[in-house]
Amino acid sequence: MDDNFKYFCGRTFGNISSSSNVSYKSADVVTIILNLGGWIAAALVILSTVKINDLNLYAASLGISNFLDAVFGIKINRAFLTIIIGLLGTLGSILGILDKFVAFLTILGIAIPPIGGIMVVDYFILRRYRNELIESRKQGQLPEVVEDWNPIAIISLVAAFLIGYFFKGGLNQTLNSLLSGMILYYLLMKAYMIFMPNKGAKFIQENIIGKEE
């Protein structure tokens with residue numbers, strides 16, 4: 001499709017939307033559609049919203065059920081879980097949770113980047129598990145011995161989030177948290193290697209993958 005045609009369609013619909021907002025003095029989509037096309041048009045908008053939220057509900061129930069099963073070994077009936085998530089979503093909508101959506105996205109934008117930064121430092125700079133991963137990749141399987149958890153990574157993540165959230169200077173909060181997480185993890189892990197050399201910089205709890213006790 002030609003770019004000029006896309007631009008024309010986008011500007012046209014944008015102008016119609018802006019004009020409708022001004023004409024009907026409302027930013028509510030259902031109100032505008034109801035005035036422009038009557039109940040049939042409004043019903044189409046409502047039904048399309050229901051379909052989209054139905055897909056969102058399915059994805060949420062699938063993701064949460066898999067998470068509970070993989071992490072905690074808890075199996076919950078999908079139908080029951082779907083009803084619970086739907087009720088919580090409806091309650092949140094009634095309480096005005098969408099008004100906090102921008103703040104929620106801001107928190108995600110600060111909390112998630114340090115996770116990737118810590119993984120990059122661990123794999124490419126510290127190279128703690130790189131040899132094990134290379135060997136296991138040749139065999140087409142995961143390493144047999146892995147860490148149950150990494151306290152230094154968790155401490156670095158929490159500290160990076162707090163720095164990114166409360167420190168408004170620098171380029172932006174996302175980069176502040178990302179760089180803080182990478183630097184803190186590197187320094188703390190190096191310190192751990194110095195003071196605990198016998199541990200090999202690994203927090204291994206003898207978790208054997210793929211072997212039944």
Side-chain angles (χ1 to χ4, degrees), residues 56-57 59-74 81 84-85 88-89 91-93 95-138 141-210:
N56 292 334
L57 187 59
S61 62
L62 180 63
I64 293 176
S65 63
N66 289 337
F67 171 78
L68 293 175
D69 185 21
V71 177
F72 301 106
I74 300 174
L81 185 61
I84 296 299
I85 295 173
L88 291 176
L91 178 61
S93 177
L95 295 177
I97 193 174
L98 289 179
D99 296 335
K100 307 295 182 182
F101 190 63
V102 174
F104 172 70
L105 292 180
T106 300
I107 292 175
L108 289 182
I110 298 173
I112 293 178
I115 299 175
I118 290 172
M119 293 173 66
V120 168
V121 171
D122 192 78
Y123 184 79
F124 290 103
I125 300 178
L126 296 174
R127 304 166 68 98
R128 293 189 313 128
Y129 270 93
R130 189 160 186 176
N131 292 332
E132 289 86 341
L133 290 171
I134 291 175
E135 291 300 322
S136 64
R137 188 184 301 116
K138 293 178 181 178
Q141 61 186 17
L142 294 173
E144 291 186 346
V145 181
V146 298
E147 294 177 330
D148 282 342
W149 72 309
N150 186 332
I152 293 180
I154 295 174
I155 293 171
S156 302
L157 174 61
V158 173
F161 170 77
L162 294 175
I163 293 173
Y165 187 79
F166 291 104
F167 180 63
K168 301 298 194 296
L171 295 176
N172 58 60
Q173 292 176 285
T174 299
L175 285 178
N176 290 343
S177 65
L178 172 63
L179 296 177
S180 298
M182 297 176 71
I183 294 172
L184 284 172
Y185 182 71
Y186 177 81
L187 295 177
L188 291 176
M189 189 58 74
K190 280 293 186 181
Y192 181 79
M193 292 177 182
I194 294 174
F195 290 105
M196 303 290 290
N198 59 319
K199 295 292 185 179
K202 296 176 181 177
F203 304 92
I204 297 176
Q205 300 295 330
E206 299 299 328
N207 181 25
I208 307 300
I209 297 180

Donor-acceptor pair, distance only, cut-off 3.5 Å: does the side chain of Q141 make one with the backbone of S136? no
First locate atom NZ of K100, then atom CD1 of I107, and finally report the distance between them rounded to the nearest 0.5 Å. 10.5 Å
Short question: side chain of S61, backbone of L57 - any donor-acceptor pair under 3.5 Å? yes
Taking L62's backbone N and O only, do any of them form a donor-acceptor pair with N66's side chain (distance below 3.5 Å, no angle check)? yes
Checking N176 against K168 for the side-chain contact (heavy atoms from CB on, under 4.5 Å) test, could you report, in this order, the C-alpha distance in whole Å, the side-chain angles of both residues, the deciding distance, and whether it holds? CA-CA 9 Å; N176 290 343; K168 301 298 194 296; over 6 Å; no
For Y165, what residues pass the ring-ring contact (aromatic ring centres under 6.0 Å, His included) criterion, not counting sequence neighbours? F161
Would you say I97 has more than 12 foreign heavy atoms packed within less than 6.0 Å of its CD1? no
In Å, rounded to the nearest 0.5 Å, how long is the span from CG of L178 to CD1 of I110? 12.0 Å
Minimum-distance pair of heavy atoms, taken over all atoms of P113 and S177: CB-OG, 4.4 Å
Tell me, with the steps shown, if L88 and I85 meet side-chain contact (heavy atoms from CB on, under 4.5 Å). CA-CA 5 Å; L88 291 176; I85 295 173; 5.6 Å; no
Between atom CG of L126 and atom CE of M193, what is the distance when rounded to the nearest 0.5 Å? 4.5 Å
Correct closest heavy-atom pair for N150 and Y185 would be ND2-OH, 3.2 Å
If I take atom NZ from residue K190 and atom CG from residue L188, how far apart are they, to the nearest 0.5 angstrom? 13.0 Å
Taking atom OH as the centre, does Y123 end up with more than 12 heavy-atom neighbours from other residues, nucleotides or ligands that are less than 6.0 angstrom away? yes
Minimum heavy-atom distance A160-L184, with the two atoms named: N-CD1, 4.3 Å
Looking at residues at least two apart in the chain, or sitting in another chain, which of them share a ring-ring contact (aromatic ring centres under 6.0 Å, His included) with Y129? none
Given the rule in the side-chain contact (heavy atoms from CB on, under 4.5 Å) test, do M189 and V121 qualify, once you have shown the distances and angles that lead to the verdict? CA-CA 10 Å; M189 189 58 74; V121 171; over 6 Å; no
How long is the gap from CG on L157 to CD1 on I112, to the nearest 0.5 Å? 10.0 Å
Which residue pairs pass the salt bridge (Lys or Arg N to Asp or Glu O under 4.0 Å) test with at least one member in residues 109-124, sequence neighbours excluded? D122-R128
Report the distance from atom CD1 of I115 to atom OG of S156, rounding to the nearest 0.5 Å. 12.0 Å
